[in-house]
Amino acid sequence: MESILVIGANGQIGTELVAELRRINGAERVIATDIKEPASELKNNGPFIQLDVLDQVKLREIILENRVNRVYLLAALLSATAEQKIKSAWKLNMEGLLGTLELSRELKFRLFWPSSIAVFGPSTPKDHTPQFTITAPTTVYGISKIAGEQWCEYYFNRFGVDVRSLRYPGLIGYKSEPGGGTTDYAVHIFHEALKNQSYESFLSPDTELPMMYMKDAIRATIGIMESDAGRIKIRSSYNIAAMSFTPEQLAAEIRKHISNFRITYKPDIRQQYADSWPHSIDDSCARNDWGWQHEYDLSGMTGDMLQHLSQVLVHH
Ligand code: AKB
């Protein structure tokens, strides 16, 4: 029996990706790994192995022993944390990828690696940012993502490594707390809206960013991984998009459900990172090449998020 490996399974994307992969493929076939002890759901619902992605010997062993044919490499430091820990962010984000690309070259598994809208920088066109345009990131995280994209393309062109990647926008989900990103305000705001009916935003009211509901992001991730190889024409990373909004617009949408919700603004250093990123993304290549389509817009996402998160908070 072949199996699927998720590295960094404890994180914002990993938690939801493992659950969905287990639902589709059966729990026993999906091995979750992370450097940290997992939340109980991950551990109790299927195999979990503690793994530091930089331990390439152990990673190779796990892949061989379990006949892994799909690897999702999600271990990374996000934008805000990476600015605080420049060298360890570079080490984890780059060496983790390079080591896994090497293993994929040797062992021939299909590899997913996440890129981000952070590959773009202040000189990139801000609206409907095209697939192929200026990428001159000004954050450590963005530099690691654009370098990673080039490495993915290199390993595909030179060695035929079947690597696939998406440039995620800000992701919003209710299953896990976000960790160290700039777009995280759009998750925290829901927690605070439900608990305290108020939120202090670290981004200014009119900061428009591309965003996506986690359910769409998970469908995109599994969708690109399960597409026929011939449809994957871009081996650096695909733009994908669903919606764009500002903190003010999100607050107004939340107020349709929680009428006394109040938002205040106190921008911090993360404002700079957000200001260097696009407002909206042109994802027509992903739509044309392998049929990407989003389902959730601002109003659909907000309703679903509030409904599910309120249940999660009641049980905690
Ligand atoms: C972050 O804010 O760092 C991430 C991203 C946009 O990649 N969510």
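Indexing begins at 1, ligand by ligand and atom by atom, following the structure's order. These numbers come from the heavy atoms of this one structure, side chains and all, not from hydrogens, waters or symmetry mates.
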Going by heavy atoms in the side chains, are Thr100 and Phe109 under 4.5 Å from each other? yes
Can you name the side chain to side chain contact (heavy atoms under 4.5 Å, CB included) partners of Thr264, sequence neighbours left out? Glu200, Arg262
At less than 4.0 angstrom from any atom of ligand 1, which residues have a non-hydrogen atom? List them by chain and residue number. Leu78, Ser79, Ser116, Ile117, Tyr141, Gly181, Thr182, Thr183, Trp277
Going by atom types only, do Thr246 and Glu208 share a side-chain donor-acceptor pair under 3.5 Å? no
Residues at least two apart in sequence or cross-chain that pass side chain to side chain contact (heavy atoms under 4.5 Å, CB included) with Gln271, listed by chain then number, are Leu203, Ser204, Thr207, Pro267, Asp275
I'd like to know if the side chain of Asn239 and the backbone of Pro130 have a donor-acceptor N/O pair within less than 3.5 Å. yes
Could you pull out all residues at least two apart from Asp34 that satisfy salt bridge (Lys or Arg N to Asp or Glu O under 4.0 Å)? none
